[in-house]
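Chain A is the first sequence line, chain B the second, and so forth, proteins listed ahead of strands; every chain is numbered from 1. Computed over heavy atoms, backbone and side chain alike; hydrogens, waters and symmetry mates excluded.
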Amino acid sequence: MDNHLTELNIQQREAVTCINGPLMIIAGAGSGKTKVLTTRIAHLMASGVDAFNILALTFTNKAALEMKERIEKILNITEVRNLYIGTFHSVFARILRVEAAHLGYPNNFTIYDTDDSRSVLKTIINELDLDDKHYKPSVIHNRISAAKNALMSPVEYNNDYYIQQEDIKTKRPAIGQIYKTYTDKCFKNGAMDFDDLLLKMHELLKNHPDVLHKYQYKFKYVLIDEYQDTNPVQYQIAKLLAATHENICVVGDDAQSIYSFRGATIENILQFKKDYEDVKIIKLEQNYRSSQTILNAANKIIEHNKNQIQKLLWTENKEGEKIKLVRTMTDNDEGKFVANTIQEKKLRNHYYNNDFAILYRTNAQSRAFEESLRRMGIAYRIYGGMSFYQRKEIKDLLAYLRVVVNPKDEEALKRIINYPARGIGKTTIEKCLTIANEQNTSMYNVLQHAAEHGFKASALESIQNFVTMIRYFQSMLSNTNAYNFAVQVGKHTNIVKELFNDKTTEGLARYENIQELLNSIKEWTEMPSNEDGELGDKSLGSYLQQITLLTDSDNDKEEGDTVKLMTIHAAKGLEFACVFIVGVEEMLFPNVMSINTREELEEERRLFYVATTRAKEKLWLTYANMRYRFGQLVQNEPSRFLQEIPAEYVDKSYAGVGARNQEAENVNRKFRTVEDNFEYNDIKKNSKSQTWNYKQQGKSQPSSYVANNPTRTKNIQHIPSSNFTPSDTSNLKIGQQVEHQKFGFGSVIKIEGSAHNPIATIQFELSGEKKIMLNYAKLRMVE
DNA sequence: GATTGCGCGATTTTT
DNA sequence: TCGCGCAATC
């Protein structure tokens, strides 16, 4: 332990060893923040603090995991397991699971992700007969989220004059009503959304002194990472938890606060000093990451912000190269320049793809870079986009698990009640919902007593079969672990089989995704737990709660050597040898949406600061004269931020129009043959099946690109035989060979549905299993 | 039930 | 431009 202390500088050591009382660490970019936090926790334990009494809150699972791993290197593993390290959301979810009854919630409450929340809102908006084009669920959700993060209840929302005026101005006066209905509905469904995890935690501590005391006593030491990004609820919770012992240590950097649009406020940093009289403040100002040039430039940039805590980052690192400013004609040229330059640097300076990051302000900018990297055969990976758990097939299977665990979960129920199709159509579902509303009960409860509600015979039978199935699952749940259970559900519902039979590229990917999900459940089931019951809960309910809080990157197994493409937001906390900040233009960066107030502009500047400080050795700033935006060619001025960097740190020789990417283009030409060899290597390194991380659902376009993949195929379209004439299918039999104009040849494996609307399930040779409505589809019987 | 076609809208987003 | 969501078709 002691030798870990010797590795620290004076300020870092002080931050680690000063264990009692309130402490605020202002940690500049690259100043060894994580090192300090982890060493501090290790030091606490070495000083005799029990792991069970330490709570460390982070913003991302990734940060939590990294901390855990680092502490494990210092301490033994069992001890680390007993620590409470996690995101605000995941830690609170665990506590709420234990304490749910105090709030009238079931232990197995569902956690709604953003999609679920929006879907609930959409239902409500339609029920209230409002126009969902004007009352867009995403907009409403943001508004409600903001209210929750500011600790504002629906009642307070509706009584707030200023808020009401705002909503009237935007012609959305019903938001308050929607908020109220939404809250009620979530409660009825036994569900909490992301914001509720914070809000309910606060409510729990605020209204239940016994519970508050329990956790105050338990968490004698509280640590909070990325403090500049906390919002008012998180702030209040931290304050409550730390009130007895006041052993609270927060780490943050006001200059890196970039999430104010999500309710985060730097106020919390300023308020901290007021809340705790004897607060100790330590500044970490030595930067271990960047070259002097890069760091000096960053310092100069952030100086333009009025609102900030004074500090000056310095480094002992080498001066390094100047920052290269690059102007290109178009956005496509920008893409080419970056790809060419990466190629050049790889060859000349022996960098790996992993050393490069391309950072942009908006996701839409990624395309030009994807194209040029692909053309050059450079393996890359895009971060952001659809997460694994948002995929349809994953959500479908999870929805079954959710309903079994919490039958009140209406969102999940609606998702699976007729998937795979089992004859419970729209009308039946509508009717259930109406009855549930009238009787103020859950939809599942209506299904359970369907016989009393006068459904027609066929619908009633389908419903009863469905309920029987769910009951069967529920009884199974008590006899087996989460993994076996999930496998059984997949089998029993035919979901797995259906995907298995779909031989299209997308179908294959979906099948693999399901397998991946099952694997992850298995892994989770087998993961060792701590000595404390709360973290050792291996039930399915506990799994579902934690899974919702995971994001894409949490599944991210290190995969190959790739150039990283991501938004600047996503890059926070990361570092790369070589960084390209692209699209450094007015209207883009700073973004048009954020140039109206000083606050907005300063946040954009902090964003630019964050981007700059990601670079260790080399930094390029690029901008284009013209680029396509929303299909229109627009001309942009270079960003105002560029002028904020003193000329002495910048190499402008690439910024002249004529000179633009000549050098890189020459290099490119010269090394073309070598490049092809590289391409081959990239394929090999990167061609392990990457089944998720697709940018958009259903598209077979992996965001991690495999160079010139020869196996990539378009779906083969069937060309109908010349003698194709539709047959009369009224007495189609199982086993009959048929031809479909599009799907090709196949054989009938099942016929269901009513007499006037028969549905045949046909196994096609090329297209997999399909359900065909015989009234519409043209089928030719093959002799 | 599943596929095609049109119209619309389009920052950032740790959970 | 491009992707999606919903309505019209098979």
Side-chain angles (χ1 to χ4, degrees), chain A residues 57-64 86-93 111-114 117 122 132-133 136-138 141-142 145 149 192-198 225-226 229-231 234 258-264 331 359-365 367 383-384 387 389 418-421 423 425-426 546 548-554 566-573 583 587-595 600 603-604 606-607 610-611 627-633 695-699 701 726 740-743 752-753 757-761 767 770-779:
Chain A
L57 298 171
T58 64
F59 271 77
T60 60
N61 295 298
K62 208 161 103 196
T87 61
F88 281 88
H89 292 82
S90 74
V91 168
F92 295 168
I111 298 174
Y112 279 168
D113 66 15
T114 311
S117 301
K122 194 170 175 182
D132 63 11
K133 294 232 164 63
K136 278 191 291 189
S138 57
H141 188 226
N142 284 341
S145 176
N149 286 325
M192 297 191 198
D193 67 13
F194 287 148
D195 301 316
D196 284 333
L197 293 175
L198 309 178
D225 192 14
E226 304 281 10
D229 288 327
T230 48
N231 63 36
Q234 289 163 327
I258 54 174
Y259 282 100
S260 76
F261 69 95
R262 300 246 332 140
D331 45 357
L359 307 181
Y360 34 77
R361 177 66 239 269
T362 66
N363 279 314
Q365 285 164 259
R367 233 191 60 219
Y383 288 77
S387 101
Y389 297 100
N418 201 32
Y419 173 82
K426 221 175 172 179
Q546 291 299 311
T548 316
L549 302 172
L550 293 181
T551 48
D552 209 18
S553 53
D554 300 320
M566 63 185 91
T567 62
I568 299 166
H569 283 93
K572 190 169 157 198
M587 315 304 270
L588 241 192
F589 195 17
N591 197 275
V592 229
M593 312 299 283
S594 310
I595 45 176
E600 283 173 349
E603 179 143 327
E604 292 286 300
R606 289 193 295 270
L607 208 44
V610 167
R627 72 170 61 239
Y628 276 99
R629 251 196 131 189
F630 308 142
Q632 295 233 288
L633 200 57
K695 196 178 175 196
Q696 256 82 38
Q697 184 177 33
K699 285 269 178 181
Q701 185 75 232
H740 185 276
Q741 277 194 301
K742 226 189 338 341
F743 300 141
E752 57 196 336
N757 186 22
I759 300 162
T761 309
S767 324
K770 300 271 177 201
K771 290 195 174 180
I772 304 284
M773 286 175 107
L774 295 176
N775 287 350
Y776 300 119
K778 295 190 179 75
L779 287 176

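- Checking dC6(B) for Watson-Crick or G-U wobble geometry (two distances, each under 3.5 Å) identifies dG5(C) as its partner.
- The nearest whole Å value for the distance from the CG atom in D331(A) to the P atom in dC2(C) is 11 Å.
- Separating the CG atom of L197(A) from the P atom of dT15(B) is a distance of 12 Å, rounded to the nearest angstrom.
- Nucleic acid contact for N418(A): sugar-phosphate only, since backbone atoms but no base atoms lie under 4.0 Å from a heavy atom of the residue.
- Within the 4.5 Å cutoff, side-chain heavy atoms of F92(A) are placed close to those of L198(A).
- At the phosphate of dT15(B), neither OP1 nor OP2 sits under 4.0 Å from any side-chain N or O atom of N231(A).
- Y259(A) comes within 4.0 angstrom of a nucleotide base, judged by non-hydrogen atoms across all strands.
- When atom types are taken as modelled, the side chain of E604(A) and the backbone of S594(A) share no donor-acceptor pair closer than 3.5 angstrom.
- For the OP1/OP2 pair of dC2(C) and a distance below 4.0 Å, the side-chain nitrogens and oxygens of R367(A) include at least one atom meeting the criterion.
- Looking only at distances, no side-chain donor or acceptor of D331(A) sits under 3.5 Å from a matching main-chain atom of Q365(A).
- Atom CG in N142(A) sits roughly 9 Å away from atom C1' in dT13(B) (whole-Å rounding).
- Glycosidic torsion of dT4(B) falls outside 90° of 0, placing the base in anti.
- If you find the closest nucleotide of DNA chain B to N591(A) and to F194(A), the one lying nearer the 5' end belongs to N591(A).
- The interatomic distance linking R627(A) (CZ) with dT11(B) (P) rounds to 14 Å, in whole Å.
- Considering only the side chain of H569(A), dT12(B) comes nearest among dT12(B), dT14(B), dT15(B).
- The neighbour count for Y419(A) OH, taken as heavy atoms of other residues, nucleotides or ligands under 6.0 Å away, is above 12.
- If you measure from atom CG of L607(A) to atom C1' of dT12(B), you get 7 Å, rounded to the nearest angstrom.
- If you check distances only, the side chain of R361(A) never reaches the base of dT11(B) with a donor-acceptor pair under 3.5 Å.
- At dT12(B), none of the side-chain N or O atoms of S594(A) fall inside 4.0 Å of OP1 or OP2 (strictly under the cut-off).
- Look at CG on L550(A): it is 8 Å from P on dT15(B), rounded to the nearest Å.
- Across the protein-nucleic acid pair, D132(A) atom CG and dC4(C) atom C1' stand 14 Å apart, rounded to whole Å.
- When the P atom of dT12(B) is taken as reference, atom CE of M593(A) falls 10 Å away, rounded to whole Å.
- Using a 5.5 Å limit on the distance between ring centres and a 30° limit on the angle between planes, the aromatic ring of F261(A) does not count as stacked on the six-membered base ring of dT13(B).
- Among the heavy atoms of the strands, none lies under 4.0 Å from D195(A).
- Using a 4.5 Å cut-off on side-chain heavy atoms (C-beta onward), R361(A) and H569(A) make contact.
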Identify the pairs formed between an N or O of the protein and an N or O of nucleotides 8-10 of chain B at a distance under 3.5 Å, and give each distance.
unit_1	atom_1	unit_2	atom_2	d
dA10(B)	OP1	K136(A)	NZ	2.4

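- For dT14(B), the OP1/OP2 oxygens have no side-chain nitrogen or oxygen of N61(A) closer than 4.0 Å.
- T567(A) has its side chain within reach of Y360(A): a pair of non-hydrogen atoms, C-beta onward, lies under 4.5 Å apart.
- Between dT13(B), dT11(B), dT15(B), one nucleotide has an atom nearer to the side chain of T87(A) than all others, and that is dT15(B).
- The line from CD of Q234(A) to NE2 of H89(A) is 6.5 Å long, rounded to the nearest 0.5 Å.
- Note that CZ of F194(A) and OG1 of T87(A) are 9.5 Å apart. Values are rounded to the nearest 0.5 Å.
- Across all strands shown, dT11(B) forms no Watson-Crick or G-U wobble pair with both distances under 3.5 Å.
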